[in-house]
Undergrad: 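Take a look at the following structure, please.
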Amino acid sequence: MASPLNILFAVSEAVPYAKTGGLADVAFSLTHAIKEYGHEIRMILPKYGMIRDRQYTLRDVIRLRDLEVPLGDQKVLVNVKSAFYPGSKIQVYFVDYPPYFGRPGLYVDPKTGKDYEDNAERFALFCHTAFAVLERLHWYPDVIHCNDWQTALIPPLLKEVYGKEGPLAKTKTLLTVHNFAYQGVFPKEKFRYTGLPAHFAEEDGAAAYYGKISYLKAGLEYADVITTVSPTYARQAQEDPEIGAGMQEILRRRAQDFYGILNGVDYSTWDPSSDKEIPVNYTFRSIDRKMENKKFLLEFCNMPFEPEIPFVGTISRLVVQKGFDILLEALPVILEKDLRYIILGVGDKEIEKKLKSLQQRFPEKLFVHIGFDERLAHLIEAGCDLFLMPSRYEPCGLNQLYSLRYGTIPIVRGTGGLLDTVVDVDENPQKGTGFVFKKYDAKELVQTVERALKWYQDRASWRKLVVRAMKQDFSWKNSAKEYIRLYQQLAKMK
Ligand code: ADP
């Protein structure tokens, strides 16, 4: 192996500490996969209110106490604690600044459902603190791997402030965008918190964005390498204004440095053969035992156990991106069919309300659980026959990958990572693993559900389909190697 690299992984959420979506899974599993290849990777994360010192054995680090971190024209004192990832030797630094991070929400106030008004300050402080930590530790990584807008000030700060000269001058940055729709856009008045030179906010400046500023844009301009989480989404983000969300031009300009690397699955957490959260473990050799989980899940939904009736599941943030407009339109038709359906999600209040009222209309068929519930998510993967993911766009998507491994056949809209990971079984009977519809349209969604239900009736073919799905391998092995190749390429750059 080439010599081990030093990587700082800067991220705003990570399993098991804090999670709102797939980013938290990726942060956990990608860092572990990279560590397994023998590299030194450490993580930096905000210490939110739900991260308890005792639960995760967070320790004070004398050297990381009272770091003086710039915030606008002031300096604030920040403590950074540290812990090892449970069961591994990955060091995690927690940025402990209670006025900003000691809250119940990560980015959104759970009381109002709105973004915190000081997100610009919060994540500017987080980015600056990352540099303060490196300087105090005298640890100068080869690469800082940044994720999304929350850490996107790191690349410009490195080039313009912290790494202009001195020990960080050789450090490079890689920015992974998990969703181009979230861009860290703030009013211009907030620019002063970034600590970047004034030209960034001027017309045509790297952070200037339609009269406002965007952290993501500045990051895309300054990162040495940009990645996103699937090849198809990478292509769409350059071509389709809805998906690139205003960043297409930069991405096209930087196409030489822009890569789509598919996310992987952490099969130590998401595999029915060893999943600790589900009542009965099973493999593709013992699929009949999956039925026990179905029974359990139906009981949870107060529904009678009728093994032959197909059970459909959805686990999702309740946002338009995930296809809830066409799903809400299609549901009254879908629920007329002979099936059961469970939806787990939290998010947009309007969507929550509409789902709840549909549940009242179809109480025997639809069960809606509003909330974030990791355990129930595992049970749905294990207990359902089908998993529906009608996304309007999807950077990668993890649930369809989990579903494949659990033999819960995915029905997906063919976009982004969904298109890269699910093969339509009618189009390709030898290799098919699920059902894919192309047009973003309620009618097509209903027709595809009908197609799946028809397949489900043919028990022998269905079983073969389930076995094939369960045998798919989307582990991190290959994707982590691609990241390492990029790190190595960066480390060699002058
Ligand atoms: P995104 O990151 O856009 O939300 P992904 O499919 O990449 O979508 O990842 C979503 C992750 O969040 C999955 O691990 C999924 O199980 C989880 N998840 C989403 N909503 C919930 C919820 N309400 N309860 C439990 N887990 C959830």
Side-chain angles (χ1 to χ4, degrees), residues 11-30 50 105-108 110 113 147-150 176-182 228-230 232-233 243 245 261-271 275 277-278 297 300 313-324 327 342-349 351-352 355-356 367-384 387-406 408 410-413 415-422 474 476 479:
V11 70
S12 57
E13 55 182 272
V15 163
Y17 307 109
K19 168 167 172 175
T20 68
L23 174 59
D25 296 290
V26 172
F28 171 88
S29 42
L30 175 57
M50 77 295 274
L106 275 59
Y107 328 117
V108 171
N147 293 277
D148 285 348
W149 70 264
Q150 291 89 343
T176 300
V177 182
H178 299 260
N179 192 333
F180 282 100
Y182 299 93
T228 190
V229 290
S230 71
T232 295
Y233 185 67
I243 292 178
I261 304 176
L262 201 64
N263 281 338
V265 174
D266 170 33
Y267 287 126
S268 71
T269 312
W270 292 97
D271 189 314
D275 190 332
E277 308 280 353
I278 61 175
L297 183 61
F300 175 84
T314 291
I315 305 163
S316 180
R317 290 183 293 119
L318 303 180
V319 292
V320 173
Q321 179 215 323
K322 297 293 181 181
F324 280 95
L327 183 59
I342 174 162
I343 299 178
L344 165 64
V346 60
D348 187 300
K349 301 280 173 229
I351 300 176
E352 287 180 7
L355 287 174
K356 278 284 176 197
F367 187 87
V368 177
H369 187 91
I370 302 295
F372 197 93
D373 190 331
E374 194 77 36
R375 184 146 208 202
L376 181 56
H378 284 253
L379 185 59
I380 291 174
E381 291 293 1
C384 285
F387 193 91
L388 182 51
M389 219 164 152
S391 305
R392 191 181 175 93
Y393 68 90
E394 192 60 72
C396 176
L398 290 173
N399 277 115
Q400 84 281 13
L401 302 179
Y402 302 156
S403 300
L404 288 169
R405 182 48 63 104
Y406 284 73
T408 303
I411 303 173
V412 302
R413 158 106 199 291
T415 179
L418 297 173
L419 197 60
D420 292 336
T421 54
V422 182
F474 288 100
W476 271 104
S479 303

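Because the structure is predicted, anything quoted here is derived from the model rather than measured. Only this structure's heavy atoms are used, side chains among them; waters, hydrogens and symmetry mates stay out. Atoms within each ligand, like the ligands themselves, are counted from 1 in listed order.
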Undergrad: Tell me, please, which residues at least two apart from Asp373 pass side chain to side chain contact (heavy atoms under 4.5 Å, CB included).
TA: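 Side chain to side chain contact (heavy atoms under 4.5 Å, CB included) list for Asp373, sorted by chain: Leu344, His369, Arg375, Leu376.
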
Undergrad: If you take the nearest heavy atom of each of Asn179, Leu418, Ile315, Asn399, which one is closest to atom 15 (C) of ligand 1?
TA: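 Looking at heavy atoms only, Asn399 sits closest to atom 15 (C) of ligand 1.
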
Undergrad: Pull out every atom of ligand 1 sitting under 4.0 Å from any heavy atom of Leu344, numbered as shown with elements.
TA: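 Near Leu344, meaning under 4.0 Å from one of its heavy atoms, ligand 1 has 22 (C), 23 (N), 24 (N), 25 (C).
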
Undergrad: Closest heavy-atom contact between Cys384 and Thr408?
TA: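 Result for this residue pair: O-OG1, 3.2 Å.
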
Undergrad: Heavy atoms only, cut-off 4.0 Å: how does Lys19 contact ligand 1, side chain, backbone, both, or neither?
TA: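 Near ligand 1, Lys19 shows its side chain, while the N, CA, C and O stay back.
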
Undergrad: Using non-hydrogen atoms of the residue, decide whether Gly371 is closer than 4.0 angstrom to ligand 1.
TA: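 For ligand 1, residue contact (heavy atoms, under 4.0 Å) with Gly371 is present.
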
Undergrad: Run the numbers for me: atoms of ligand 1, each under 4.0 Å from some heavy atom of Gly21, listed by number.
TA: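 Those qualifying, in numeric order: 2 (O), 4 (O), 11 (C), 12 (O).
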
Undergrad: Which of these, Asp373, Asp25, Thr20, Thr269, has its nearest heavy atom closest to atom 25 (C) of ligand 1?
TA: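 Answer by nearest heavy atom: Asp373.
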
Undergrad: Can Ser316 be said to touch ligand 1, with heavy atoms closer than 4.0 Å?
TA: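 Within the 4.0 Å threshold, so yes.
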
Undergrad: In Å and rounded to the nearest 0.5 Å, what is the CD1 to CG distance from Ile342 to Leu379?
TA: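 If I round to the nearest 0.5 Å, the distance is 7.5 Å.
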
Undergrad: Which residue in the set Leu327, Leu418, Val319 passes side chain to side chain contact (heavy atoms under 4.5 Å, CB included) when paired with Ser391?
TA: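 Only match with Ser391 under side chain to side chain contact (heavy atoms under 4.5 Å, CB included): Leu418.
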
Undergrad: With sequence neighbours left out, write down each residue that passes side chain to side chain contact (heavy atoms under 4.5 Å, CB included) with Thr20, or none if nothing qualifies.
TA: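 Only Glu13, Leu106, Tyr107 meet the side chain to side chain contact (heavy atoms under 4.5 Å, CB included) criterion with Thr20.
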
Undergrad: Output yes when the distance from some N or O of ligand 1 to some N or O of Leu398 is under 3.5 Å, and no in every other case.
TA: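 Between Leu398 and ligand 1, an N or O pair is found under 3.5 Å apart.
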
Undergrad: Give the numbers and elements of all ligand 1 atoms closer than 4.0 Å to a heavy atom of Gly345.
TA: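 Answer, ordered by atom number: 23 (N).
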
Undergrad: Between the side chain of Arg413 and the main-chain N/O of Arg392, is any donor-acceptor distance below 3.5 Å?
TA: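 A pair under 3.5 Å: yes.
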
Undergrad: Does Lys322 reach ligand 1, in the sense of a heavy atom lying below 4.0 Å from it?
TA: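 Right, Lys322 reaches ligand 1.
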
Undergrad: List every atom of ligand 1 that sits less than 4.0 Å from any heavy atom of Gly22, numbering the atoms from 1 in the order shown and giving each element.
TA: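 Answer for ligand 1: 1 (P), 2 (O), 4 (O), 7 (O), 9 (O), 10 (C), 11 (C).
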
Undergrad: What are the two closest non-hydrogen atoms of Val422 and Gln400, and how far apart are they?
TA: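 In terms of heavy atoms, the two residues are closest at CG2-CG, 3.9 Å.
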
Undergrad: Are the side chains of Leu404 and Phe387 in touch, meaning some heavy atoms are under 4.5 Å apart?
TA: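 Counting from C-beta outward, Leu404 and Phe387 never come under 4.5 Å.
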
Undergrad: Which atoms of ligand 1 are found less than 4.0 Å from any heavy atom of Arg317?
TA: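 Answer, ordered by atom number: 1 (P), 3 (O), 4 (O), 20 (N).
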
Undergrad: Give the residue, atom name and distance (to 0.1 Å) of the protein heavy atom nearest atom 22 (C) of ligand 1.
TA: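 Nearest neighbour among protein heavy atoms for atom 22 (C) of ligand 1, to 0.1 Å: Phe372 CD1, 3.5 Å.
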
Undergrad: Got a second to check how far Tyr402's OH is from Tyr267's OH, nearest 0.5 Å?
TA: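 If I round to the nearest 0.5 Å, the distance is 9.5 Å.
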
Undergrad: Identify, by atom number and element, the atoms of ligand 1 in contact range of Tyr402, meaning under 4.0 Å from any of its heavy atoms.
TA: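 Answer, ordered by atom number: 14 (O).
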
